[in-house]
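These numbers were taken from a predicted model, which means no experiment stands behind them. FYI, side chains are in, hydrogens and waters are out, and symmetry mates aren't considered; it's all heavy atoms of this structure.
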Amino acid sequence: MVAAPRALAPLAALAGCSLADAAPLAPLAPELHGAGLLVNLHGRGPQSHAVALAARPRRLIAFAHPEVPETAGMPAWRADEHEVARWCRLLAESGIPADPARLELPAPELPAELAWTAGATVVHPGAASAARRWPPERFAAVAAAEGRAGRTVVVTGGPAEHGIAAEVVDRAGLAERAVLAGRTDLAALAAVVAHAGRVVCGDTGVAHLATAFARPSVLLFGPTSPDEWGPLHASRGAGRHRVLWAGRTGDPHADRPHPGLLEIQPREVLAELAALPA
């Protein structure tokens, strides 16, 4: 059982898990209290530890925090650790083997109305914060080049990202149906990514989906390091997943694109796309 926002249920199902609706740092539902094991995957605490302990699990697995005596002796938090390695280490040091290389999810079937997107280049220009959003005109330059190369191109996003997706499609000279933002729920978006020929996006959830579905990808990082949030074993110049990063970190929640992200030019993205494995 995974306790997470209800919207993530389709992804939990792909991992073979049921989902109980839970909001970040909100009390867990009464039916989740008294579990035999609760693993806290929400940071190092102490706020999330308090939520977990309030649910009275028989056993808690979490990172040690000096303000939470109940976590004394539990695994230590390490700064600058890759997120995958961090959470697998939490389990492994708690006696539960966890392989950080086992990240794949089974590909969901494409809905019939989206069958035409199979093999497409997925361009995802949105991100949760402006700091991680590469400019739409640069995404459009990449999309236009992919279109000229004879590839089907679709531009994805949530309902709030329809405007930026439409701008990318318009600037790239693509057909209107290329705008998928706001036209797919999470399950359909996951299916589109799972059947993509390649994926171009920033440091977003779609990047993680490309990794989980083993889709070739070019990922643009700005304020956060790919050494912490990028695909494991990603590289520039080799492999299925390529990352572009100027090497400087900053505030991932800032209200404007990070200067390092803006250093990345469309020609660099196109060079990485051209070198992706078939």
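Residues P97 and L91 form no side-chain contact, since every pair of their non-hydrogen atoms from C-beta on lies 4.5 Å or further apart. Counting heavy atoms from C-beta outward, L60 and E70 have side chains that stay 4.5 Å or more apart. In this structure, the side chains of S225 and H82 stay at 4.5 Å or more apart for every pair of heavy atoms. The closest side-chain heavy-atom distance from L276 to R242 is below 4.5 Å.
Here R151 pairs with E146 under the salt bridge (Lys or Arg N to Asp or Glu O under 4.0 Å) rule; sequence neighbours left out. Applying the salt bridge (Lys or Arg N to Asp or Glu O under 4.0 Å) criterion to E167, with sequence neighbours excluded, gives R171. With sequence neighbours excluded, the residues satisfying side-chain contact (heavy atoms from CB on, under 4.5 Å) with D185 are A187, A188. Applying the side-chain contact (heavy atoms from CB on, under 4.5 Å) criterion to A254, with sequence neighbours excluded, gives A131, D251. In this structure T117 satisfies the side chain to side chain donor-acceptor pair (under 3.5 Å) test with no other residue, sequence neighbours excluded. Remark: A23 engages A26 in a side-chain contact (heavy atoms from CB on, under 4.5 Å) (not counting sequence neighbours).
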Check the pair W245, F221 against ring-ring contact (aromatic ring centres under 6.0 Å, His included), reporting the backbone distance first and the verdict last.
CA-CA 5 Å; W245 182 49; F221 280 78; 7.8 Å; no

Could you walk me through whether E176 and V169 pass side chain to side chain contact (heavy atoms under 4.5 Å, CB included), step by step?
CA-CA 7 Å; E176 185 179 350; V169 165; 5.8 Å; no

Chi angles and distances behind the side chain to side chain contact (heavy atoms under 4.5 Å, CB included) call for L219, L244:
CA-CA 6 Å; L219 310 176; L244 291 169; over 6 Å; no

Side chain to side chain contact (heavy atoms under 4.5 Å, CB included) between E83 and W229: does it pass, once the steps are laid out?
CA-CA 6 Å; E83 285 292 293; W229 287 96; 3.6 Å; yes

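Using a 3.5 Å distance cut-off with no hydrogens or angles, the side chains of T156 and H124 do pair a donor with an acceptor. With no hydrogens or angles considered, no side-chain donor-acceptor pair links H65 and T71 at under 3.5 Å.
T204 approaches G126 most closely through the heavy-atom pair CG2-O, 3.2 Å. Between A172 and A140, the closest heavy-atom pair is CB-O, 3.5 Å. Taking every heavy atom of both residues into account, E93 and P75 meet most closely at OE1-CB, 3.3 Å. Counting all heavy atoms, side chain and backbone alike, V218 lies closest to E272 at CG2-CB, 3.8 Å. Closest approach of R86 to D80, counting heavy atoms only: NH2-N, 4.0 Å. The shortest non-hydrogen separation linking P100 to A98 is CD-O, 3.4 Å.
A distance of 12.0 Å separates CD of E268 from CG of L273, quoted to the nearest 0.5 Å. Distance check, rounded to the nearest 0.5 Å: CZ of R256 to CG of L262 gives 10.5 Å. The structure places CE of M74 at 7.5 Å from OG of S94, a figure rounded to the nearest 0.5 Å. To the nearest 0.5 Å, atom NE2 of residue H208 and atom OG of residue S217 are 11.0 Å apart. Annotation: the span from D203 atom CG to H258 atom NE2 amounts to 12.0 Å, rounded to 0.5 Å.
Taking a 4.5 Å side-chain heavy-atom cut-off between Ile, Leu, Val, Met, Phe, Trp and Tyr, the cluster of L110 extends to L8, L11, L14, L19, L105, L114, W116, V122, V154, L180, L186, L189, V192, V193, V199, V206, L209, F213. Residue V2 belongs to no hydrophobic cluster, having no ILVMFWY side-chain heavy atom closer than 4.5 Å to its own.
At a threshold of 4.5 Å between side-chain heavy atoms, the hydrophobic network of Ile, Leu, Val, Met, Phe, Trp and Tyr places V68 and F63 in two separate groups. Hydrophobic clustering keeps I164 apart from V179 (ILVMFWY residues linked when any side-chain heavy atoms are closer than 4.5 Å, directly or through intermediates).
Proximity of a side-chain donor or acceptor of R132 to a complementary backbone N or O of L220 within less than 3.5 Å is not detected. Side-chain atoms of S129 come within 3.5 Å of backbone N or O of P252 as a donor-acceptor pair. Counting only distance, with no hydrogens or angles, the side chain of E263 and the backbone of G260 share no donor-acceptor pair below 3.5 Å.
For residues 1-12, the pairs satisfying side-chain hydrogen bond (donor to acceptor under 3.5 Å, both in side chains) are R6-D21, with sequence neighbours left out. Pairs passing the salt bridge (charged side-chain N to carboxylate O under 4.0 Å, His left out) check and including a residue from residues 99-128, sequence neighbours excluded, do not occur. Residue pairs meeting the ring pair (Phe, Tyr, Trp, His ring centres under 6.0 Å) criterion with at least one member in residues 135-179, sequence neighbours excluded: W134-F139.
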Run the side-chain donor-acceptor check on residues 28-46: report pairs under 3.5 Å with partners two or more places apart or on a different chain.
{"from": "H33", "atom 1": "NE2", "to": "L28", "atom 2": "O", "distance (Å)": "3.1"}
{"from": "N40", "atom 1": "OD1", "to": "H42", "atom 2": "N", "distance (Å)": "2.9"}
{"from": "N40", "atom 1": "ND2", "to": "S48", "atom 2": "OG", "distance (Å)": "2.9"}
{"from": "N40", "atom 1": "ND2", "to": "H49", "atom 2": "ND1", "distance (Å)": "2.8"}

